[in-house]
Amino acid sequence: MALLEVSNLSKIFGGVRAVQNVSFAVEAGIVYSVIGPNGAGKTTLFNLITGIYTPSEGQIRLDGRDIAGVAPHELARFGMARTFQNLQVCMNMTALENVMVGAHLRLDRNLFKGALRLPGIARRDALLRAEAAELMRLVGLEAFIDAHADAMPYGALKRLEIARALAAKPRVLFLDEPAAGLNPTETSEVDSLIRKVADSGVTVVLVEHDMKMVMNISDQILVLDYGKKLAEGTAAEVRRNPDVIAAYLGTHQ
Amino acid sequence: MFRSQFFGLIVLAVILVVLPFVLPNNFYLDLAIRMLINACIVLGLNLLIGFAGQISLGHAGFVGIGAYASAVLTTHYSWSPLGAMLAGALAAGVLAALVARPIFKLKGHYLAMATLGLGIIISIIVRNEAALTGGPDGMPVAALALFSFEISGEKQWYWVVSGILLFSLWASLNLIDSPFGRALRALHGSEVAAQVVGVDVAKYKLAIFVLSAVFASLMGSVTAHYVGFVTPNVADFFHSIELVTMVVIGGMASIYGSVIGAVLLTALPQALAGFEGWETVVFGSILMFCMIFMPKGLVPTLAAKFGRR
Ligand SMILES: Nc1ncnc2c1ncn2[C@@H]1O[C@H](COP(=O)(O)OP(=O)(O)OP(=O)(O)O)[C@@H](O)[C@H]1O
Ligand SMILES: [Mg+2]
């Protein structure tokens, strides 16, 4: 059984069919990429799977369990984590605290224990602080460990989101354009980071416009166009697919 | 960062210990007590507004619930002050929990309107139930006796209220730096980001709303016993606005800002008493200038200026 199975998934916004009848499956442990032109429905697909939107139609199964319409905070319990195309960093917190928030479900969140700073809470938080700093080093943000989030540049914030997602120790990680707006050096850093994450056993579902990165890194690629599934396969297969070539060169319409 | 915050606690404790010995008379001690009580309420409100990012324009309603629970239950039903105080806190907490789910589906102006309405309803009830509450004239409240010990006189009240404030500050500093507090601040920073890491946003908003309502109610009871008299003003719209103004002037999401805001805005009307009829105008102008030149509030602005966060 595949880790993630999507069948006949659709989402309609008013008159816009953002995702239409899309089906695919993601095996555990692979890097699965979703590509497609602007407005193809990639982010909408992520929002459906991670519970931000409720599907208009179709099923989403994680480990065989139907998760369509389940709230995002519930899905986090099942090992889902994600980053956002439009940054969702908490600018009212430090960089390190942003990462620490990622570990939310692994902590004792009791209000009264927190307010009285019981020894257990303080000890766990000290460990978490070190853990979060380690994650920031992993994503290449050692320079910002003591920074406040609102003092960080765009490229650093994108990687901060990855660190936060990793702090949850997810089984499946959704990355929505992690390299958008990054310079070539930063992009190759993100590239090797994704490899490292995938090698550690985390399933990665990736949306990315940087074709070099996608072709290099992906085990499987899904191509969307106007909300529909256009093709699916390995990098080599997708690259040869005439429909894909047509969509990217804009010869249809 | 948080080391230095606890250092502030020690500084404040020293000031509080020295203060009664340098204040010339009970008039100033009374002013100090009212500052400290307001600081407590504002601290609770700041957790909701500044840290969790959820506005409440009806918070005086909860202060009123506590004040009138203490007044009515001890006077008409001969409850013990402690029992009445806890009953008020329970009522405020239950009410807050009941309205939290529908109310926090709203955001921004709509949330402001809904909480405003809640506060106004409470204040109207207090005003209209004259048989129990004395209506617009208010009613007297017995002294606060805990078991066999009775708190009386400004000196005793001062120590009690100082203790409550110091403890609340310590607990609040702990809270915002705990898993619960970080989740709360995260949902303020980005609700969707908080959700996807597993924060049940509705539950956290409810929890902090109930906490700040219960705390406001407890401090309402304390006020009632200290003053020895309650009027519907304690629950009304203007008091709610005054509390929010203290949060904003002191600094949103600033623990010590809550204290500074409460101290300044409690003292300001006294300081302006010489303006004879123009106090309100001067008061309003000062607030306006504060907001124009220090939109983040006093403490965060000054902290940024001196290179600390
Ligand atoms: N919340 C929404 N309400 C209405 N329409 C939406 C909403 N979200 C997305 N859409 C529409 O759905 C379509 C797909 O958008 P989506 O953001 O999923 O595309 P995308 O593939 O992620 O594009 P990009 O590469 O630019 O990020 C677009 O036409 C968009 O305008
Ligand atoms: Mg997108």
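In what follows, chains carry the letters A, B, and so on, assigned in the order in which the sequence lines appear, proteins first and then strands, with residues in each chain numbered from 1. Only heavy atoms go into these numbers, but all of them, side chains included; no hydrogens, no water, no symmetry mates.
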Quiz item: Does a salt bridge link B:Lys205 with B:Glu191, judged by any charged N lying under 4.0 Å from a carboxylate O?
Solution: yes

Self-check item: Between A:Val101, A:Leu75, A:Leu107, the one whose heavy-atom pairs under 4.5 Å with chain B are most numerous
Solution: A:Val101

Practice problem: Go through the side-chain N and O atoms of A:Asn98 and B:Arg182 and say whether any donor and acceptor fall under 3.5 Å apart. | Solution: no

Practice problem: Check each atom of B:Ala253 against the heavy atoms of chain A and say whether the ones under 4.5 Å are side chain, backbone, both or neither. | Solution: neither

Quiz item: By a 4.5 Å heavy-atom criterion (distance strictly below it), what part of A:Ile121 contacts chain B: side chain, backbone, both, or neither?
Solution: side chain

Quiz item: For the candidates A:Leu105, A:Leu128, A:Thr50, which exhibits the highest count of non-hydrogen atom pairs separated by less than 4.5 Å from chain B?
Solution: A:Leu105

Practice problem: In plain terms, say whether B:Arg185 and A:Glu97 are close enough for a salt bridge, that is, a side-chain N and a carboxylate O under 4.0 Å apart. | Solution: yes

Quiz item: Under 3.5 Å, is there a donor-acceptor pair between the side chain of A:Asn110 and the main chain of A:Phe112?
Solution: yes

Quiz item: So, B:Ser258 versus B:Asn46: side-chain donor-acceptor pair below 3.5 Å or not?
Solution: yes

Quiz item: Without hydrogens or angle criteria, can the side chains of A:Ser33 and A:Ser218 be said to hold a donor-acceptor pair below 3.5 Å?
Solution: yes

Self-check item: Best-contacting candidate, A:Ala76, A:Pro72, A:Gly102, A:Ala115, against chain B by heavy atom pairs under 4.5 angstrom
Solution: A:Ala115

Self-check item: Portion of A:Ile52 that has a non-hydrogen atom of chain B nearer than 4.5 angstrom
Solution: side chain

Practice problem: Count the heavy-atom pairs under 4.5 Å between each of B:Asp200, B:Leu184, B:Val196 and chain A, then report the option with the highest count. | Solution: B:Asp200

Quiz item: Can you tell me if CE on B:Met113 sees more than 12 non-hydrogen neighbours from other groups inside 6.0 Å?
Solution: no

Quiz prompt | Which portion of A:Leu87 sits near chain B, non-hydrogen atoms under 4.5 angstrom | solution = neither

Practice problem: Using a cut-off of under 4.5 Å on heavy-atom pairs, state which of A:Arg77, A:His104, A:Met91 scores highest against chain B. | Solution: A:His104

Exercise. Give, as side chain, backbone, both or neither, the part of A:Asp146 having an atom under 4.5 angstrom from any heavy atom of chain B.
Key: neither

